[in-house]
K.L.:
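One structure follows; several queries about it will come next.
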2 protein chains.
Amino acid sequence: MTLDVRKRLVLQAVVESYVSTAEPVGSRTVARKYQLGVSPATIRNEMADLEEMGYLEQPHTSAGRVPSDKGYRFYVDRLMRNQQVAPDVAQKIREIYKRRTKELEALIQITAKLLSETTDYMALVLGPRRERSFLRFLRMIPVGGGRVLLALVTDTGFVENRWLHFQEEVDELELERISDTLNRYLQGVALDEMGYGLLRTIDVELSRSRYILTQIMELLEDETDPADEERVYLGGTVKILNQPEFKDIDKLKELLGLLENEEDVYELLNSIDVDDEVTVTIGNENRREEIRECSLVTGTYRIGNHIVGKIAVLGPRRMEYAKVVSVVDYVTRNLSEILTRYLDN
Amino acid sequence: MTLDVRKRLVLQAVVESYVSTAEPVGSRTVARKYQLGVSPATIRNEMADLEEMGYLEQPHTSAGRVPSDKGYRFYVDRLMRNQQVAPDVAQKIREIYKRRTKELEALIQITAKLLSETTDYMALVLGPRRERSFLRFLRMIPVGGGRVLLALVTDTGFVENRWLHFQEEVDELELERISDTLNRYLQGVALDEMGYGLLRTIDVELSRSRYILTQIMELLEDETDPADEERVYLGGTVKILNQPEFKDIDKLKELLGLLENEEDVYELLNSIDVDDEVTVTIGNENRREEIRECSLVTGTYRIGNHIVGKIAVLGPRRMEYAKVVSVVDYVTRNLSEILTRYLDN
DNA sequence: CTTTAGCACTCCCATGCTGGGAGTGCTAAT
DNA sequence: ATTAGCACTCCCAGCATGGGAGTGCTAAAG
């Protein structure tokens with residue numbers, strides 16, 4: 001399944017021309033713009049071969065050629081030259097992550113924006129899944145008027161805040177005692193496992209303060225509600241509209257419909273294999289029908305060795321792969337690094 | 001500027017027919033569907049009058065009529081009958097706000113989703129502006145490894161979490177002492193006023209712990225960064241695509257472009273007068289060019305008497321005003337009520 | 001054996017034309 | 001004041017047409 005040098009050059013020319021113009025590429029164009037030193041007729045023969053081998057497609061007889069999924073795949077795996085991130089882009093990315101005071105949620109949001117701005121495609125970012133997050137620390141802070149702020153800090157640096165309400169003022173010392181006990185029992189427990197069962201054990205020890213504990217239990221129970229929003233952040237939704245492949249409103253509707261359903265986006269991105277590299281999935285390689293006309297460039301960010309979430313860029317198959325891959329790679333590294341530095345044990 | 005009874009009936013018929021079909025309305029249709037007991041010819045005369053008075057428009061000679069902004073305005077102010085929220089919708093809304101443990105941010109997010117689901121138009125929700133929020137409470141919680149979680153609670157119930165990092169473990173008692181002092185000085189101060197100036201006074205008192213204070217100062221300084229994200233939440237972006245008036249990609253791009261710029265959305269909604277009622281702005285009544293083809297139904301939610309933010313529904317001018325107004329009103333009330341109950345002093 | 005010029009052929013698409021339909025405004029009769 | 005009748009306007013869907021871009025094939029040249 002290897003291609004001779006000239007076929008590679010032709011394929012590369014077709015991909016690059018189509019990426020930049022969105023118009024089917026004719027033999028004439030290839031011969032003229034990408035000096036191969038042969039006539040259009042020769043190119044035509046090569047293109048016919050490439051089509052037969054499945055690397056190119058024709059929208060209809062007598063149109064130019066367009067790369068197939070297989071063609072893009074070959075381009076991404078073999079032809080595309082690794083690209084450095086442009087210095088100004090790298091600068092901008094580093095700049096963003098220099099401010100290290102943000103909590104994880106804000107960081108993720110910024111990442112989505114950053115990705116879409118630097119690539120000019122749409123960005124998806126997933127935060128840590130709740131059921132894979134473990135409690136690091138819990139604290140109750142009385143704010144007056146019977147209101148108590150419950151702060152849950154997870155190993156991934158997420159902070160969840162919840163309110164507790166009581167009829168009368170609660171004693172700060174009592175809260176501290178409860179916090180301490182809860183911490184003792186719950187540290188390292190997954191958030192979605194803090195159901196009644198677990199809490200019942202603690203109940204005994206804290207029976208004196210059951211009225212407080214009851215509220216906390218209800219609240220943590222709520223926490224496990226799967227209908228609860230996932231942490232998916234989108235950036236640059238408008239960018240899709242710049243792509244001529246989405247001039248069709250119905251396709252757009254389908255796509256945006258998918259993206260609005262956070263559970264689906266989660267599943268989509270998590271179905272992609274994790275390895276240390278950036279992963280590209282092209283057209284029909286994608287699980288979901290709705291993005292069979294798109295490509296996805298995905299990176300996985302971590303805290304230490306612990307996988308936290310994904311970042312992805314979504315664009316038309318006709319995507320500037322080299323550039324996007326380099327940016328996704330760079331952003332993933334930066335994000336992982338800052339998280340690891342400040343959150344890893 | 002008053003219309004006789006029959007003209008009102010005709011105008012109402014045109015608005016309601018156009019709202020439901022998106023097709024220009026002819027005299028025949030009005031006569032047939034909205035039993036007025038007169039012939040199409042009579043209706044034609046009335047419609048010609050209404051057009052002359054500016055309530056109706058003709059896309060072109062020999063098409064039916066379409067309401068003008070003025071026509072919609074009259075409909076909203078005078079013709080539309082106040083509608084009750086459908087029982088199942090009311091049920092759903094109450095349901096959502098019954099769980100009272102969420103922090104404000106989550107509540108706002110849910111509100112955006114709720115609004116778009118119940119109205120079938122797009123929803124915009126603004127959270128409290130930072131510069132109008134005052135510190136209620138501040139607390140530092142050491143989490144181990146030199147990491148300290150700084151939680152800022154505002155009067156509007158917003159909780160901001162920020163991380164502080166130190167070389168070595170910090171003493172919990174010292175943190176508590178600092179927290180106490182800071183609270184004493186900063187309670188009731190607006191978030192964007194916590195600049196160096198103010199902190200310098202405190203510096204003296206806490207000179208022993210300057211290395212901690214310095215970080216806090218930097219961090220709060222950051223807080224005043226106006227480039228920081230505003231709190232705008234969108235719900236149901238896809239819904240716009242269902243409207244035939246947005247079959248044109250360019251208009252769509254313009255609109256989504258506006259909506260992605262949070263500062264602009266803020267300005268747009270805040271330019272709308274606040275009174276206790278729900279406000280409707282139609283077409284050209286809107287400030288921004290980009291939504292001159294849309295209408296906006298806006299409500300203001302509060303904590304006690306203190307204005308916190310806005311909720312809005314964005315749809316085509318051809319909007320089901322009665323329904324949307326009732327939903328926005330109901331949601332506003334519910335949201336204000338729950339916030340007031342749990343956060344008002 | 002590879003490359004290339006030449007040419008007939010295919011298919012899309014922008015353009016222009018046409019007829020029917022929906023709706024109007026006017027006039028004259030009720 | 002209302003309405004039937006009718007001529008008129010305008011849109012739009014459907015169809016035909018021609019030019020252009022691009023192909024595949026053949027035969028000649030390197």
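Every chain is numbered from 1 and lettered A, B, ... according to where its sequence line falls, protein lines coming before strand lines. Just so we're clear, the structure is a prediction, and the values are computed from it rather than from any experiment.
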K.L.:
Of all of residues 20-30 of chain A, which get a heavy atom below 4.0 angstrom from DNA chain C, listed by number?
P.N.:
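Contacts with DNA chain C under 4.0 Å: none.
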
K.L.:
Output the rounded distance in Å from CD (Glu51(B)) to P (dG25(C)).
P.N.:
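Going from Glu51(B) (CD) to dG25(C) (P), I get 7 Å.
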
K.L.:
Return no unless some side-chain N or O of Arg65(A) is found under 4.0 Å from OP1 or OP2 of dG22(D).
P.N.:
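It does not, given that no N or O in the side chain of Arg65(A) lies less than 4.0 Å from OP1 or OP2 of dG22(D).
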
K.L.:
Given the ring of Phe246(B), does Lys251(B) sit roughly above its face, with NZ or CZ under 6.0 Å from the centre of the six-membered ring and within 45° of the axis?
P.N.:
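Pair Lys251(B)/Phe246(B) does not count as cation-pi.
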
K.L.:
Side chain of Thr119(A), backbone of Leu115(A): donor and acceptor closer than 3.5 Å?
P.N.:
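Between the backbone of Leu115(A) and the side chain of Thr119(A) there is a qualifying donor-acceptor contact (under 3.5 Å).
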
K.L.:
Within the 3.5 Å criterion, strictly below it, is a donor on Tyr121(A) or Gln243(A) matched to an acceptor on the partner's side chain?
P.N.:
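Tyr121(A) vs Gln243(A): no donor-acceptor pair found between side chains.
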
K.L.:
What is the distance, to the nearest angstrom, from the CD atom on Glu57(B) to the C1' atom on dG23(C)?
P.N.:
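Distance, rounded to whole Å: 17 Å.
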
K.L.:
Taking NZ, NE, NH1 and NH2 as the nitrogens, is one of them in Arg73(B) or Asp69(B) under 4.0 Å from a carboxylate oxygen of the other?
P.N.:
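Salt bridge between Arg73(B) and Asp69(B), a charged N being under 4.0 Å from a carboxylate O: no.
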
K.L.:
How many angstroms lie between atom CG of Leu56(A) and atom NZ of Lys70(A), to the nearest 0.5 angstrom?
P.N.:
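Answer for the CG-NZ pair, Leu56(A) versus Lys70(A), is 10.5 Å.
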
K.L.:
So, Tyr75(B) and Glu16(B): side-chain donor and acceptor under 3.5 Å apart, yes or no?
P.N.:
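Short answer, yes.
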
K.L.:
To the nearest Å, give me how far apart CD1 (Ile43(B)) and P (dG25(C)) are.
P.N.:
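Rounded to the whole Å, the gap is 13 Å.
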
K.L.:
Rounded to the nearest 0.5 Å, what separates atom CZ in Arg317(A) from atom SG in Cys294(A)?
P.N.:
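Separation between the atoms: 8.5 Å.
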
K.L.:
Generate the contact string for nucleotides 2-18 of chain C. Rules: B means base contact, S means sugar-phosphate contact only, - means no protein heavy atom under 4.0 Å.
P.N.:
-SBBB---BBS------

K.L.:
If you apply the rule side-chain hydrogen bond (donor to acceptor under 3.5 Å, both in side chains), what do you find for Tyr321(B) with Ser295(B), and how did you get there?
P.N.:
CA-CA 9 Å; Tyr321(B) 291 102; Ser295(B) 286; 2.7 Å; yes

K.L.:
Nearest-Å distance, CG (Leu56(A)) to P (dG22(D))?
P.N.:
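Those two atoms, CG and P, are 15 Å apart.
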
K.L.:
Taking CE from Met47(A) and P from dA21(D), how many angstroms apart are they, rounded to a whole number?
P.N.:
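These atoms are roughly 16 Å apart.
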
